[in-house]
K.L.:
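Let me give you the structure first, and then I'll get to my questions.
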Amino acid sequence: MDIKSIEKIVSLSKRRGFIFQSSEIYGGLASTWDYGPLGVEMKNNIKNLWWKDIVTSRRNVVGMDAAILMHPEVWEASGHVEEFHDIMVDNKLTKKRYRLDHLLEIQPPKAIYDLAKALGFKPKVGESQANIVIPKIIREIIENEKDFNLNGFGIIDYANLKNKGEADWTIPTQFNLMLKTHYGPSEDSSSVIYLRPETAQGIFVNFNNVVTTARQKLPFGIAQLGKAFRNEITTGNFLFRTREFEQMELEYFIYPEDAKEQLEYWSQERLNWYKKLGVREDKLRLRPHDKDELAHYCTACYDIEYEFPFGWSELEGIADRGTYDLDQHNKHAKKKQTYFDQVNNQHIVPTVIEASAGVDRTFLTCLVDAYCEEEVNGEQRILLKLLPKVAPITCAVFPLVNKNGLPEISEKIFTEIQTEFSVFFDQGGSIGRRYRRQDEAGTPFGITIDHQTLEDNTVTLRDRDTMKQDRIPADKVLDELKKRLQNV
RNA sequence: GCGGGUGUAGUUCAAUGGUAGAACACCAGCUUCCCAAGCUGGGUACGAGGGUUCGAUUCCCUUCACCCGCUCCA
């Protein structure tokens with residue numbers, strides 16, 4: 001697939017009603033997208049398949065649905081307030097941008113020392129530069145020196161060594177990655193709260209509620225599906241990185257000693273789920289994180305990645321979060337979130353393995369992966385080879401012609417299939433045109449009612465990928481569809 | 001946020017300092033047909049704002065959005 005293919009996907013998405021640009025008639029809002037009639041069907045299919053795989057089909061996983069709005073202290077406790085903003089500076093000469101902490105970590109000690117002095121404190125002997133001095137410098141800039149100028153301290157741009165690292169630094173600016181809003185009608189500062197940057201915390205703060213009501217014993221999981229918001233610095237690649245997105249998260253609570261084994265288990269489980277969605281195996285991989293890639297809460301992590309036209313990119317992270325989150329809430333909140341282990345007769349904080357997936361990314365993966373162009377009788381045929389369980393429409397019903405009672409018979413069959421599957425009725429245009437339309441929508445099956453139906457009450461069932469047709473009795477259509485859908 | 005590119009119909013494109021055209025798609029009708037057939041008719045666009053000009057889709061500025069690269073990223 002060439003690099004233009006993401007544009008083809010965007011174009012098809014709009015043409016067929018999968019995805020529209022948000023607020024399009026007002027010029028659009030950056031990197032926000034709306035799901036159209038086909039899009040929402042497919043998205044729901046994906047979410048339902050996840051829910052079924054994670055929750056419904058397991059005895060020891062339960063679901064929940066927390067509010068998007070949460071108490072501000074949740075994000076203090078989780079570390080998001082602390083960790084989820086970055087101070088950035090640009091080198092005006094080279095137009096390169098850096099995270100200030102990353103930049104300072106590689107500077108000569110003298111520069112750091114001078115910087116600290118200028119900000120009004122003196123580093124003590126033996127104090128770790130990376131862990132104590134630099135964070136202190138950054139805190140000082142955020143809290144007290146909003147317009148601090150970095151020039152004159154000998155801070156070198158190592159990416160600009162050709163020019164002796166020369167730099168003219170901008171005033172450091174803070175990027176807060178959480179979206180704020182005002183809770184309540186008055187806009188005083190006491191009512192500022194955040195839209196959740198992840199769904200996971202909704203699970204952690206309800207840990208005890210779920211344990212007591214669902215009567216689960218370790219190991220067990222709590223799963224949640226819902227919107228999350230992040231003020232990403234860079235968005236783009238269509239649905240891939242957006243500021244509003246939907247997550248599918250599982251928090252699986254275990255005894256600490258099982259962490260390694262469970263991380264492996266869930267990595268495989270989750271990788272297999274994408275395969276079961278029909279995503280090509282050679283486009284999927286499981287990639288362990290390097291140490292320096294790990295998030296603040298995380299001791300080990302795998303990414304499930306897909307090879308998009310724009311490169312290998314993350315669909316899901318499976319992480320060993322240790323006891324970090326529950327510990328943090330136990331420090332901050334009045335009510336303790338612990339588990340009483342009947343076996344050893346003690347309260348413990350369980351370790352958690354998290355599998356955090358993006359709905360929109362999975363959706364995009366399915367579209368990209370299913371997109372096909374082929375030639376039929378010298379004409380291009382575009383089709384989405386979506387698995388039936390993923391496809392927005394399972395089956396389309398066509399009367400071959402609009403007379404001789406064929407539409408009436410078709411309606412009857414349509415109504416019958418409708419009880420079980422998502423069906424589309426189309427009597428407009430030539431039969432070939434109607435087939436092609438459904439090919440682009442990814443509809444796996446087409447039922448055509450023709451003249452022979454009048455004689456022997458059979459219809460044709462067309463397969464999207466092979467375009468082959470089988471003749472089946474009209475009253476067996478539903479059974480036949482069920483049969484074909486059984487193993488896919 | 002920086003650099004580059006792009007923005008005209010649903011889509012893909014064209015033309016033009018004098019008010020926009022095609023193909024395909026879409027809708028209605030005819031045809032009654034098994035893989036985007038044909039015929040007739042129809043609706044739909046210069047991303048937004050400002051400036052220059054008698055007149056701007058075209059030139060200039062601003063802005064918005066998309067794509068690519070950088071930067072960043074749980």
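Sequence lines set the chain letters: A, B, ... in the order given, protein chains first and strands last, and positions in each chain run from 1. These figures come from a predicted structure and were not determined experimentally.
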K.L.:
Over how many whole Å does the gap from F240(A) atom CZ to rA74(B) atom P extend?
P.N.:
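Nearest whole value for this atom pair: 13 Å.
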K.L.:
For rU12(B) versus rG7(B), give the span between their C1' atoms, rounded off to a whole number of Å.
P.N.:
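About 14 Å, rounded to a whole number of Å.
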K.L.:
Check whether any side-chain N or O of N237(A) sits under 4.0 Å from OP1 or OP2 of rC68(B), and answer yes or no.
P.N.:
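For rC68(B), OP1/OP2 do have a side-chain N/O of N237(A) under 4.0 Å.
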K.L.:
Is NZ or CZ of R464(A) both nearer than 6.0 Å to the six-membered ring centre of F445(A) and within 45° of the ring axis?
P.N.:
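Negative - R464(A) is either too far from the ring of F445(A) or too far off its axis.
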K.L.:
Should the ring pair H80(A) and W75(A) be called parallel, tilted or perpendicular, given that the plane angle runs from 0 to 90° and is split at 30 and 60?
P.N.:
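Because their plane-to-plane angle is over 60°, the rings of H80(A) and W75(A) count as perpendicular.
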K.L.:
Between rA45(B) and rC24(B), how far is it from one C1' atom to the other, in whole Å?
P.N.:
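Result for the C1' pair: 16 Å, nearest Å.
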K.L.:
Would you indicate what S31(A) reaches in the nucleic acid, counting non-hydrogen atoms under 4.0 angstrom: base, sugar-phosphate, or nothing?
P.N.:
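Sugar-phosphate only.
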K.L.:
In whole angstroms, how far is the C1' atom of rA74(B) from the CD1 atom of I318(A)?
P.N.:
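Result: 13 Å.
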K.L.:
Could you tell me if D456(A) and Q452(A) have a donor-acceptor pair between their side chains, going purely by distance under 3.5 Å?
P.N.:
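Side chains of Q452(A) and D456(A): pair found under 3.5 Å.
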K.L.:
Looking across every strand, which nucleic acid part, if any, lies under 4.0 Å from F238(A) by heavy atom: base, sugar-phosphate, or nothing?
P.N.:
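The residue F238(A) makes sugar-phosphate contact but no base contact.
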K.L.:
Pairs counted as Watson-Crick or G-U wobble with both distances under 3.5 Å: what dot-bracket string results for RNA chain B, using | for bases tied to another strand?
P.N.:
(((((((..((((....[..)))).(((((.......)))))....(((((..]....))))))))))))....
K.L.:
What does the list of N/O pairs under 3.5 Å between the protein and nucleotides 21-23 of chain B look like, with a distance for each?
P.N.:
none

K.L.:
Could you list the residues that satisfy ring pair (Phe, Tyr, Trp, His ring centres under 6.0 Å) with W51(A), not counting sequence neighbours?
P.N.:
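For W51(A), no residue satisfies ring pair (Phe, Tyr, Trp, His ring centres under 6.0 Å) once neighbours in sequence are set aside.
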K.L.:
Polar atoms only, N or O, under 3.5 Å: list the protein pairs with nucleotides 24-27 of chain B and their distances.
P.N.:
unit_1	atom_1	unit_2	atom_2	d
rA25(B)	OP1	R433(A)	NH1	3.1
rC26(B)	OP1	R437(A)	NH1	2.1
rC26(B)	OP2	R433(A)	NH1	2.8

K.L.:
With a 3.5 Å cut-off and heavy atoms only, can you find an N or O donor on one side and an acceptor on the other between the side chain of H80(A) and the base of rA74(B)?
P.N.:
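Answer is yes: a donor-acceptor pair is held.
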K.L.:
Considering only atom P, compute the distance from rC27(B) to rA15(B) and round it to an integer number of Å.
P.N.:
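The same atom, P, in both gives a distance of 30 Å.
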K.L.:
Would you say the side chain of Y26(A) and the base of rC64(B) hold a donor-acceptor pair, judged only by whether the two atoms sit under 3.5 Å apart?
P.N.:
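Per atom types, no contact qualifies.
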K.L.:
In whole Å, what separates the P atom of rA22(B) from that of rG49(B)?
P.N.:
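Nearest-Å result for rA22(B) against rG49(B) at atom P: 27 Å.
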K.L.:
Which of the following nucleotides, rC35(B), rA74(B), rC73(B), is nearest to the side chain of R230(A)?
P.N.:
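Between rC35(B), rA74(B), rC73(B), the one nearest the side chain of R230(A) would be rA74(B).
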K.L.:
Just checking T448(A): base, sugar-phosphate only, or nothing, at a heavy-atom cut-off of under 4.0 Å?
P.N.:
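Answer is base: heavy atoms of T448(A) come under 4.0 Å of a base.
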K.L.:
On the side chain of E232(A), is there an atom forming a donor-acceptor pair with the base of rC73(B) - under 3.5 Å, no angle test?
P.N.:
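By the distance-only test, no, there is no pair.
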K.L.:
Which value, in whole Å, describes the distance between the P atoms of nucleotides rA74(B) and rG3(B)?
P.N.:
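One P to the other, the span is 26 Å.
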K.L.:
Between R484(A) and D470(A), is the closest basic N to carboxylate O distance under 4.0 Å?
P.N.:
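Salt bridge: yes.
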K.L.:
What integer number of Å spans the C1' atoms of rA56(B) and rG47(B)?
P.N.:
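Each nucleotide's C1' atom is 16 Å from the other's.
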K.L.:
Specify the residue among D439(A) and K14(A) whose closest nucleotide of RNA chain B lies further upstream toward the 5′ end.
P.N.:
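On the 5' side of the pair lies K14(A).
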K.L.:
Within less than 4.0 Å of OP1 or OP2 of rA37(B), is there a side-chain N or O belonging to S430(A)?
P.N.:
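Checking S430(A) against rA37(B): at least one side-chain N or O falls below 4.0 Å of OP1 or OP2.
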K.L.:
Once you apply a heavy-atom cut-off of 4.0 Å, does E24(A) come out as touching a base, just sugar-phosphate, or nothing?
P.N.:
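Since no nucleic acid heavy atom lies under 4.0 Å of E24(A), the category is nothing.
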K.L.:
On RNA chain B, nearest-nucleotide positions of R381(A) versus V10(A): which is more 5'?
P.N.:
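In this pair, the answer is R381(A).
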K.L.:
Looking at every strand, decide which applies to E440(A) at a 4.0 Å heavy-atom threshold: base, sugar-phosphate, or nothing.
P.N.:
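Result for E440(A) = base.
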K.L.:
Out of rC35(B), rC66(B), rA74(B), which has the shortest distance to the side chain of M467(A)?
P.N.:
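Of the options given, the side chain of M467(A) lies nearest rC35(B).
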K.L.:
Apply side chain to side chain donor-acceptor pair (under 3.5 Å) to T448(A) and Y435(A), showing your working.
P.N.:
CA-CA 10 Å; T448(A) 304; Y435(A) 287 148; 2.6 Å; yes
K.L.:
Would you please indicate yes or no on a ring centroid separation below 6.0 angstrom for W312(A) and Y306(A)?
P.N.:
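Ring centroids of Y306(A) and W312(A) are no less than 6.0 Å from each other.
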K.L.:
May I ask you to check whether F310(A) and F240(A) place their ring centres under 6.0 Å from each other?
P.N.:
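Under 6.0 Å, so yes.
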K.L.:
Which value, in whole Å, describes the distance between the P atoms of nucleotides rG21(B) and rU44(B)?
P.N.:
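rG21(B) and rU44(B) have their P atoms separated by 13 Å.
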K.L.:
Taking the side chain of V401(A) as its heavy atoms from C-beta onward, which of rC34(B), rU32(B), rC73(B) lies nearest to it?
P.N.:
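Nucleotide nearest to V401(A)'s side chain: rU32(B).
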K.L.:
Between rC35(B), rC68(B), rA74(B), which nucleotide has the shortest distance from any of its atoms to the side chain of V376(A)?
P.N.:
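Among the listed nucleotides, the one closest to the side chain of V376(A) is rC35(B).
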K.L.:
Could you give the distance separating rU53(B) and rU58(B) at their C1' atoms, to the nearest angstrom?
P.N.:
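Rounded to whole Å, the distance is 13 Å.
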K.L.:
Tell me every residue that passes salt bridge (Lys or Arg N to Asp or Glu O under 4.0 Å) with R471(A), counting only those two or more places apart in sequence or in another chain.
P.N.:
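Only D450(A) meet the salt bridge (Lys or Arg N to Asp or Glu O under 4.0 Å) criterion with R471(A).
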K.L.:
Can a cation-pi geometry be assigned to R270(A) and W266(A), taking NZ or CZ under 6.0 Å from the six-membered ring centre and within 45° of the ring axis?
P.N.:
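Pair R270(A)/W266(A) does not count as cation-pi.
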K.L.:
What contact category does R434(A) fall into here, base, sugar-phosphate, or nothing, at under 4.0 angstrom with non-hydrogen atoms?
P.N.:
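Touches nothing.
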K.L.:
Please tabulate, one pair per line, all N/O donor-acceptor pairs under 3.5 Å involving side-chain atoms of residues 398-414 of chain A, not counting sequence neighbours.
P.N.:
unit_1	atom_1	unit_2	atom_2	d
N402(A)	ND2	Q427(A)	O	3.0
S410(A)	OG	L406(A)	O	2.7

K.L.:
Please check if the distance between the ring centroids of F207(A) and F253(A) is under 6.0 Å.
P.N.:
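Ring centroids of F207(A) and F253(A) are less than 6.0 Å from each other.
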K.L.:
Find out whether the Lys NZ or Arg CZ of K43(A) is both under 6.0 angstrom from the six-membered ring centre of F363(A) and within 45° of the ring's axis.
P.N.:
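No; the conditions do not both hold, so K43(A) does not lie above the ring face of F363(A).
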K.L.:
Which nucleotide sits closest to the side chain of L400(A): rC35(B), rC33(B), rA65(B)?
P.N.:
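Looking only at heavy atoms from C-beta outward on L400(A), the closest nucleotide is rC33(B).
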K.L.:
May I ask you to say whether E244(A) pairs ionically with K227(A), meaning some side-chain N is under 4.0 Å from a carboxylate O?
P.N.:
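Looking at E244(A) and K227(A), the cut-off is met.
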